[in-house]
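Below is one structure, written out as structure tokens; the observations come after it.
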2 protein chains.
Amino acid sequence: MLRQPPLQPRKQATQARSARTVENILEAAARILEGLGFEGYTTNAIAAKAGVSIGSLYQYFPNKDAITIALIKRETARLLADVTMAAAERDWRVAIAKMVEAGVVHQLRRPRLAWLLDVEEGRLREQSSGMQIVNAMHLKLVEVLMKSQIDLREGAVVVAFDMMAITRGMTDMAGTRGETDTGALLNRVLRAVFRYVGIDKED
Amino acid sequence: MLRQPPLQPRKQATQARSARTVENILEAAARILEGLGFEGYTTNAIAAKAGVSIGSLYQYFPNKDAITIALIKRETARLLADVTMAAAERDWRVAIAKMVEAGVVHQLRRPRLAWLLDVEEGRLREQSSGMQIVNAMHLKLVEVLMKSQIDLREGAVVVAFDMMAITRGMTDMAGTRGETDTGALLNRVLRAVFRYVGIDKED
DNA sequence: AGATAAAACGAGTAAAGGCTCATATTTTTT
DNA sequence: AAAAAATATGAGCCTTTACTCGTTTTATCT
């Protein structure tokens, strides 16, 4: 079988090494944020930690914020997937429990990173709009609440925000304090969230 | 009654205008943080907004962080006072309710400022130690919990942190969303906090 | 009024850090 | 093997910004 010579110069598929470079840059950025906070979070430091020249870094990201945004997307992807799965559960109690669990697990995996990225997301929200994850989760949670038998005097929107706020608040605090027992924390968060909406579910 | 001539040149009392300058600087810093976030938070901008030269600013503050620390102290003073008063209440239910109220009111008065100062406090904590307000509040809350009949299986320390986390999480979220009805928010936070510890107190 | 201390001033310095671009290396294609 | 495309390099430009210091203005004291 003869190979057809392409009519147009074939769009060069991305080489494997460039993908590796991008990954290295993102992970270096994550590690610097975790280790040094915003202080040491400079493009030169990121490039150095990634074992890549500063020029290469700017070949893949137009500016520093783009790195942060990509990192947020990367760290957020699993959370969004888990929440979406959870929201599809038949039993709304299970759905809520799993959504809460997704949030807790996400935020306790790399607590400092999650926290710092939240701060950055807040800053970036002002300049470029963009469906943040908070809104995405909120939307799904409201859907679930509508199907539930929870007292929605305050409105599903408000209750959903409150449930997210409780989860985030407790998990942030736990992360700051260095708690690592996800199970224990999850139990407390579930108790707080379910009792808040008037359901005393001890399991 | 004859006035004793002072043996040493009397320590020159601070003039009124210097006190005004310091106040102007702090308020300018607060306003810039509120309006522009960390982006515009530069010493030159602060001095300009305060209507003061950059030289004067550095006459009263050795460096930029000192301004932030002074601002944190200023914003935090009332909160600490309120919490201390609240903790002294006889009835522990009232004590807890008032402590929660103090937190909510504080954080909803200038929400963005409170949030940004929290972030800064976290950053500064790492370098210079110093009794942050979170610890002070926590201490008092633990005391109150000890006198209460609340189920402390998880330990007073953990329960106290959870209560604070719930309060802060919900109020932060409310502030971010632009909620301004303190009363409505306070009701929800009280419900969340009291129900979390197994007390269903509808008032 | 004159002397002294306190407060204010702001041009300028130095360092940090985001980012560019001309060049070099590696990989792919023909 | 040669050409072309993709990828990598890093010295250095340029802006921003924390902070200094020599000078001037204002207030206080005798």
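Side-chain atoms are counted along with the backbone in the values below, which use heavy atoms only and exclude waters and symmetry mates.
Shown here is B:Arg109, whose CZ atom has no more than 12 heavy atoms of other residues, nucleotides or ligands within 6.0 Å. More than 12 heavy-atom neighbours from other residues, nucleotides or ligands sit within 6.0 angstrom of CZ on B:Arg123. Within a 6.0 Å radius of NZ in A:Lys73, no more than 12 heavy atoms belonging to other residues, nucleotides or ligands are found.
Between B:Ile67 atom CD1 and D:dT17 atom P the separation is 14 Å, expressed in whole Å. If you take CD1 of B:Ile46 and P of D:dA18, they are 8 Å apart, rounded to a whole angstrom. At whole-Å resolution of the value, CD in B:Glu23 and P in C:dA8 are 14 Å apart. With rounding to whole Å, A:Asn24 atom CG is found 16 Å from D:dT9 atom C1'. B:Arg20 places its CZ atom 12 Å from the C1' atom of D:dA27, with the value rounded to the nearest Å. Rounded to an integer number of Å, the gap from CG of A:Asn44 to C1' of D:dG10 is 10 Å. Counting to the nearest Å, the P atom of C:dA16 and the NZ atom of A:Lys64 are 15 Å from each other. As rounded to whole Å, 16 Å separates atom P of D:dC21 from atom CG of B:Leu57.
You'll find that the side chain of B:Arg17 is closest to C:dA7, out of D:dT17, C:dA7, C:dT26.
Between B:Ala16 and B:Asn63, the residue whose closest nucleotide on DNA chain D is further toward the 5' end is B:Asn63. The residue among A:Gln59 and A:Ile54 whose nearest nucleotide of DNA chain D is located toward the 5' end is A:Gln59.
Neither OP1 nor OP2 of C:dG10 sits under 4.0 Å from any side-chain N or O of B:Ser53. When the side-chain nitrogen and oxygen atoms of A:Tyr58 are compared with OP1 and OP2 of C:dC19, one or more of them lie within a distance under 4.0 Å. When the side-chain nitrogen and oxygen atoms of A:Thr42 are compared with OP1 and OP2 of C:dG17, none of them lie within a distance under 4.0 Å. Not one side-chain nitrogen or oxygen of B:Thr43 sits closer than 4.0 Å to the OP1 or OP2 atom of D:dT17. OP1 or OP2 of D:dT7 has not a single side-chain nitrogen or oxygen of A:Thr21 nearer than 4.0 Å.
Counting non-hydrogen atoms under 4.0 angstrom, B:Ser56 reaches a base of the nucleic acid. Nucleic acid contact for B:Phe61: none, since no nucleic acid atom lies under 4.0 Å from a heavy atom of the residue.
For A:Arg20 and A:Glu23, the salt-bridge test fails: no basic side-chain N is under 4.0 Å from an acidic carboxylate O.
Of all the heavy atoms in B:Tyr58 and B:Asn63, the pair that sits closest is CE2-CA, 3.9 Å.
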